[in-house]
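Nothing fancy with the numbering, it's 1 onward along the sequence.
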Amino acid sequence: MVDRLVLASCALVLVATPVYAQSPCSNCFNAAQTEAKKCLDNAISAGDRNDCLETRQIRTKACSDNQCREDREEVATTETQPTRSRPGVTPYTPTEGEWLALLMRAGLRREATPDHPYSLDIVLADPQTIQIVVRHASTLDRNSLNKAIETARESIRSTARSYGWDKWVKIRETVEVYPAKK
């Protein structure tokens, strides 16, 4: 009977060690196994061996339940905490006004060309106001410029309406004449 108990405890020690060595609390488990082995080597009676096995079981359970909980929590919080990112890589969510200005600028912006001697740009004047900025040559017919501005206004209104923002969006314009070339 004693031989079977010793054989079973040695097999348990040999088989259980590699499993525990892979866990995050391997130091705790290894210490419990080492103490149990020393205890079993020094045990004289079957009662002593049973006490050693019970102590090993209690310490192993303590490693699982209490002593390594802090280690596991620290690892878990470290893994879930966001890492600080470099400047320019930090996620940013634009406001509704910024988003509308960005969309409209991407779709409506134009540079002056010899065929169309005016530039048109869209900027966010304040959180609720989209501003159409137009610069034109002094030779440009004002009627064609007014048509371009009205087309831009209607496009902004339509896009704002599609997002449900038409109630608060204000549109204004700035028209400038750029100086004649000398």
Side-chain angles (χ1 to χ4, degrees), residues 16-32 60-182:
T17 302
V19 172
Y20 293 128
Q22 296 171 2
S23 75
C25 303
S26 60
N27 291 339
C28 181
F29 286 116
N30 288 337
T60 302
K61 184 163 176 34
C63 288
S64 302
D65 295 342
N66 300 326
Q67 295 175 352
C68 294
R69 183 180 301 152
E70 293 170 5
D71 293 343
R72 279 191 231 120
E73 288 173 358
E74 182 179 326
V75 168
T77 55
T78 303
E79 290 174 355
T80 58
Q81 288 177 350
T83 58
R84 291 186 176 235
S85 58
R86 299 173 307 209
V89 182
T90 305
Y92 176 74
T93 303
T95 64
E96 293 168 344
E98 290 171 332
W99 183 249
L100 183 60
L102 177 73
L103 285 174
M104 294 296 90
R105 185 168 200 228
L108 299 174
R109 186 174 186 274
R110 63 173 295 139
E111 292 292 326
T113 63
D115 296 337
H116 301 306
Y118 69 92
S119 65
L120 188 139
D121 202 0
I122 308 294
V123 295
L124 183 66
D126 64 52
Q128 296 180 341
T129 306
I130 302 294
Q131 184 162 352
I132 302 169
V133 180
V134 179
R135 296 188 73 211
H136 65 89
S138 58
T139 59
L140 182 67
D141 176 32
R142 182 66 186 186
N143 286 333
S144 63
L145 188 61
N146 287 343
K147 287 179 185 176
I149 293 170
E150 190 53 41
T151 301
R153 279 181 173 277
E154 188 50 43
S155 180
I156 293 168
R157 280 189 207 112
S158 174
T159 303
R161 193 173 18 258
S162 72
Y163 282 99
W165 300 338
D166 54 327
K167 305 272 190 269
W168 58 264
V169 171
K170 298 173 195 152
I171 303 170
R172 69 179 184 207
E173 64 191 60
T174 303
V175 180
E176 304 171 346
V177 176
Y178 49 78
K181 294 181 182 178
K182 293 182 181 180

[atom2] on [Y] to [atom1] on [X], rounded to 0.5 Å:
{"X": "T129", "Y": "Q131", "atom1": "OG1", "atom2": "CD", "answer": "8.5 Å"}
{"X": "D126", "Y": "R172", "atom1": "CG", "atom2": "CZ", "answer": "6.0 Å"}
{"X": "R161", "Y": "K167", "atom1": "CZ", "atom2": "NZ", "answer": "9.5 Å"}
{"X": "Y163", "Y": "L100", "atom1": "OH", "atom2": "CG", "answer": "8.0 Å"}

Write down the atom of [X], the atom of [Y], and the distance for their closest heavy-atom approach.
{"X": "I122", "Y": "A101", "value": "CG2-O, 4.1 Å"}
{"X": "L140", "Y": "H136", "value": "CD2-CB, 3.6 Å"}
{"X": "I130", "Y": "I156", "value": "CG2-CD1, 3.7 Å"}
{"X": "P117", "Y": "A112", "value": "C-CB, 4.2 Å"}
{"X": "P127", "Y": "W168", "value": "O-CZ3, 3.6 Å"}
{"X": "L108", "Y": "L120", "value": "O-CD2, 3.5 Å"}

Inset, instruction - Taking the side chain as every heavy atom from C-beta outward, state whether R105 and D121 have any pair of such atoms under 4.5 Å apart. - result: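 Contact flag for R105/D121 side chains = yes.
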
Inset, instruction - Run the salt-bridge test on R157 and E154 with the 4.0 Å N-O cut-off and return the result as yes or no. - result: yes

Legend entry - Main-chain N/O of S155 paired to S158 side chain as donor or acceptor, under 3.5 Å: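 Side chain of S158 to backbone of S155: no pair is present.
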
Legend entry - Whether over 12 other heavy atoms sit under 6.0 Å from W165 CH2: yes

Inset, instruction - Under the side chain to side chain contact (heavy atoms under 4.5 Å, CB included) rule, what do I132 and R153 come out as? Steps first, then yes or no, please. - result: CA-CA 8 Å; I132 302 169; R153 279 181 173 277; 3.7 Å; yes

